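Bear in mind that the values here come from a model prediction, so they are computed numbers and not experimental data. Labels below follow one simple rule: chain letters A, B, ... track the order of the sequence lines, proteins then strands, and each chain is numbered from 1.
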Amino acid sequence: MAQPTFSTHLGMVDILPGEVGKWQTIERIIHEEAKKFNFEEIRTPIMEQTELIARGVGQLTDIVSKEMFAFQRGDDRYVLRPECTAPVARAFVEHHLDQRGGTQNLYYIGPMFRAEKPQKGRQRQFHQFGAEIIGADAPAADVDIIALMMAIYDRLGITNTTLKINSVGDPESRRNYTKALKDHFRPHLPQLSDISQKRFKNNPLRILDSKEEEDQSFIEDAPVITDYLTEETSAHYGQVKELLADLNIPFEEDPHLVRGLDYYTRTAFELISPDLGAQDALGGGGRYDLLIEEIGGQHTPAVGFAAGIERLLIACEELDIELAEEETLDVYIVTLGEKARRWALRHLPALRSAGLSASMDYIGRSIKAQMKDADRENARHTIIVGENELNEGKFTLRNMKKSEENAYTFEEILGKLTDIPDTRQSLQ
RNA sequence: GAGCCUGUAGCUCAGUUGGUUAGAGCGCCAGGUUGUGGCCCUGGAGGCCGUGGGUUCAAAUCCCAUCAGGCUCCCCA
């Protein structure tokens, strides 16, 4: 297998049977927590119009300027969604979800696509879950969104995280701050990194995000946005912090926290884990009060978060958190001969209807091979069917854990297996 | 887009200063047990040593190129 004919594209990985259990556990917990918080799931297409992402996420962001999987077909321009907030906002506007009344609490789970160079915790097809509260301006919404995100990590046992928060301001605050920031950096412009020089023109806030060494000293003594917030936005941010404290959710203020997507306004936050290596953000989000207007809807304030499932899996692995129990099989029918195999095939449905998981050998292997197979499948019981059993109408039921066996009629076996509570599959 | 590292069996990895038919553990298949798994024993299958070229009497081993992967920077989930 040095060179298989086909393989996945760079940065796209198969999730194989052995690991799917972990994904199912995570997805289950997300659904359960979202339900507790009264969020409804929304599923949007994996492809959107390129223009929606360009306008929603922002033309100048890395995502739009160089990381989109986009193509044209006829006059239609398609893009594999790089994130899901813009699509959810689009669905909100397109289907007039505001007409359902109240605020819309929505969540999603699914694959996203960005054409970056893959590394640990970063794939080109990756999976996010996220939630949005659309139509609420109040700090309570910001805090409930953060609480939902934290609840999911708590459920999984990922607690050694740091929540960083900041306010990136409303447009007026942002204008004032941007001016101050430019005034601060302008005299040092030639000494800044190339990237920061570009950002100086396009989006000076992002200079704060720089990890270039030559920029650090200038960033350190740069003015902080929280000093330039309008009274209203400052009050909003203050309340968010107060409410977080009320909920005993620990947080760190980081006045340099800037998010990479253009649509964020006011509250911004990020959840950091020390277990992830270079890509240390488990999730992040914030308020995007202007996005819905930007894509053609009414002015509608909103707040949301998005988090990466792959990174969550890495964190669980680092913390030795077991996400999936071993798969077991209730019954494996071991057969000897063609008649026995037909008997087995006829009786599997009754076992399955009774809620048991049941399987058999299809290809007439030796009894030893079948027993081995049953063991490999973690079968709790085997039913052994040979000529003796068929003649007598009694079949050997073997308890694989206890290594005990006895002969019963099929009806007796069915009764015995469905009596044992822990061999019963959930029927709900 | 840039840097560093790694490509040997299904998986994890040995392979000594280049030297005969390339190894181990796990896994897989079969036998030891004429109808019984796990433990043990025995045997077997499975490798163009990522690919191409070069050096050499001789290359998994040295050189070059190329492809793939990993990690890092940038950025983000």
Side-chain angles (χ1 to χ4, degrees), chain A residues 1-4 7-13 16 18 57 60-67 81-85 109-130 149 193-196 198-199 203 206 209-213 215 257-261 270-273 276-285 304-315 329 332 334-337 340 361 365-390 395-405:
Chain A
M1 274 286 284
Q3 262 192 326
S7 61
T8 58
H9 278 298
L10 178 66
M12 304 195 175
V13 301
L16 299 172
V57 175
L60 297 173
T61 59
D62 285 8
I63 291 177
V64 170
S65 62
K66 56 187 188 195
E67 296 171 0
R81 64 183 186 194
E83 59 99 52
C84 213
T85 297
I109 307 177
M112 310 294 159
F113 303 83
R114 294 180 199 174
E116 295 184 277
K117 188 156 181 178
Q119 56 183 275
K120 188 179 185 184
R122 172 189 288 167
Q123 298 296 333
R124 290 184 155 195
Q125 175 176 341
F126 61 105
H127 298 79
Q128 286 188 332
F129 61 94
M149 181 175 81
S193 64
D194 293 350
I195 304 168
S196 292
K198 258 181 227 151
R199 286 176 179 164
N203 188 351
R206 300 271 316 278
D209 220 9
S210 166
K211 281 156 192 157
E212 302 291 325
E213 196 140 335
D215 298 342
L257 175 66
V258 179
R259 314 230 70 240
L261 286 61
E270 216 167 78
L271 191 66
I272 306 295
S273 162
L276 293 183
Q279 265 57 53
D280 65 352
L282 278 168
F305 79 88
I309 296 183
E310 282 82 359
R311 291 184 186 181
L312 201 159
L313 281 164
I314 293 171
L329 179 69
Y332 187 108
V334 172
T335 59
L336 290 132
D361 169 66
R365 285 186 285 186
S366 70
I367 182 168
K368 182 178 174 140
Q370 292 184 53
M371 290 300 290
K372 207 171 165 172
D373 200 28
D375 190 55
R376 186 172 24 229
E377 301 291 337
N378 248 316
R380 295 169 192 273
H381 301 274
T382 46
I383 298 173
I384 298 163
V385 185
E387 273 194 40
N388 300 342
E389 285 84 353
L390 287 172
F395 307 89
T396 306
L397 176 66
R398 181 179 178 84
N399 182 320
M400 298 293 279
K401 305 289 177 233
K402 294 183 185 165
S403 299
E404 292 167 359
E405 57 187 50

Trainee: On a whole-Å scale, what distance lies between the C1' atoms belonging to C26(B) and C64(B)?
Mentor: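 That atom pair is separated by 37 Å.
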
Trainee: Sugar-phosphate means primed atoms, P, OP1 and OP2; the rest is base. With that split, encode nucleotides 35-46 of chain B 5' to 3' as B, S or - using protein heavy atoms under 4.0 Å.
Mentor: BBBB--------

Trainee: Considering only atom P, compute the distance from A45(B) to G7(B) and round it to an integer number of Å.
Mentor: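 After rounding to an integer number of Å, I get 28 Å for this pair.
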
Trainee: Taking the C1' atom in each of U33(B) and C41(B), what is the distance between them to the nearest angstrom?
Mentor: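 One C1' to the other, the span is 13 Å.
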
Trainee: NA contact type, Glu83(A), heavy-atom cut-off 4.0 Å: base, sugar-phosphate, or nothing?
Mentor: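 Here Glu83(A) touches no strand at all.
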
Trainee: Measure distances between side-chain N and O atoms of Arg122(A) and base N and O atoms of C75(B), and say whether any donor-acceptor pair falls under 3.5 Å.
Mentor: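 Indeed there is one.
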
Trainee: Using a heavy-atom cut-off of 4.0 Å across all strands, would you classify Ala374(A) as base, sugar-phosphate, or nothing?
Mentor: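 Nothing, no nucleic acid heavy atom in range.
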
Trainee: Determine whether any donor atom in the side chain of Glu116(A) lies under 3.5 Å from an acceptor atom in the base of A77(B), or the reverse, and answer yes or no.
Mentor: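 A donor-acceptor contact between them is present.
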
Trainee: Do Glu67(A) and Arg114(A) meet the salt-bridge criterion of a basic N to acidic O distance under 4.0 Å?
Mentor: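 Here Arg114(A) does not pair with Glu67(A) in a salt bridge, since their nearest N and O are not under 4.0 Å apart.
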
Trainee: Could you give the distance separating C48(B) and U72(B) at their C1' atoms, to the nearest angstrom?
Mentor: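 My reading of the C1' atoms in U72(B) and C48(B) gives 34 Å.
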
Trainee: Does Lys117(A) reach a base, just sugar-phosphate, or nothing at all? Heavy atoms under 4.0 Å.
Mentor: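 Since a base atom lies under 4.0 Å of Lys117(A), the category is base.
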
Trainee: Please state whether the phosphate of G70(B), meaning OP1 or OP2, lies under 4.0 angstrom from any side-chain nitrogen or oxygen of Gln119(A).
Mentor: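 Result: no.
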
Trainee: Expressed in whole Å, how much space separates the P atoms belonging to A9(B) and G15(B)?
Mentor: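 Each nucleotide's P atom is 15 Å from the other's.
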
Trainee: With a 4.0 Å cut-off on heavy atoms, is Gly121(A) in touch with a base, just the backbone sugar-phosphate, or nothing at all?
Mentor: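 Here Gly121(A) touches the bases of the nucleic acid.
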
Trainee: How far does the P atom of G19(B) sit from the matching atom of C11(B), given to the nearest Å?
Mentor: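 Going atom to atom, P in each nucleotide, I get 26 Å.
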
Trainee: Can you find a donor-acceptor N/O pair under 3.5 angstrom joining the side chain of Arg365(A) to the base of C29(B)?
Mentor: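 Flag unset: no donor-acceptor pair detected.
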
Trainee: Between side-chain atoms of residues 121-130 of chain A and protein atoms elsewhere (two or more places apart, or another chain), which donor-acceptor pairs fall under 3.5 Å?
Mentor:
{"from": "Arg124(A)", "atom 1": "NE", "to": "Glu116(A)", "atom 2": "O", "distance (Å)": "2.6"}
{"from": "Arg124(A)", "atom 1": "NH2", "to": "Glu116(A)", "atom 2": "O", "distance (Å)": "3.4"}
{"from": "His127(A)", "atom 1": "ND1", "to": "Glu310(A)", "atom 2": "OE2", "distance (Å)": "2.8"}

Trainee: Distance check, C1' atoms only: A58(B) and U20(B), in whole angstrom units.
Mentor: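 It comes out at 10 Å once rounded to the nearest Å.
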
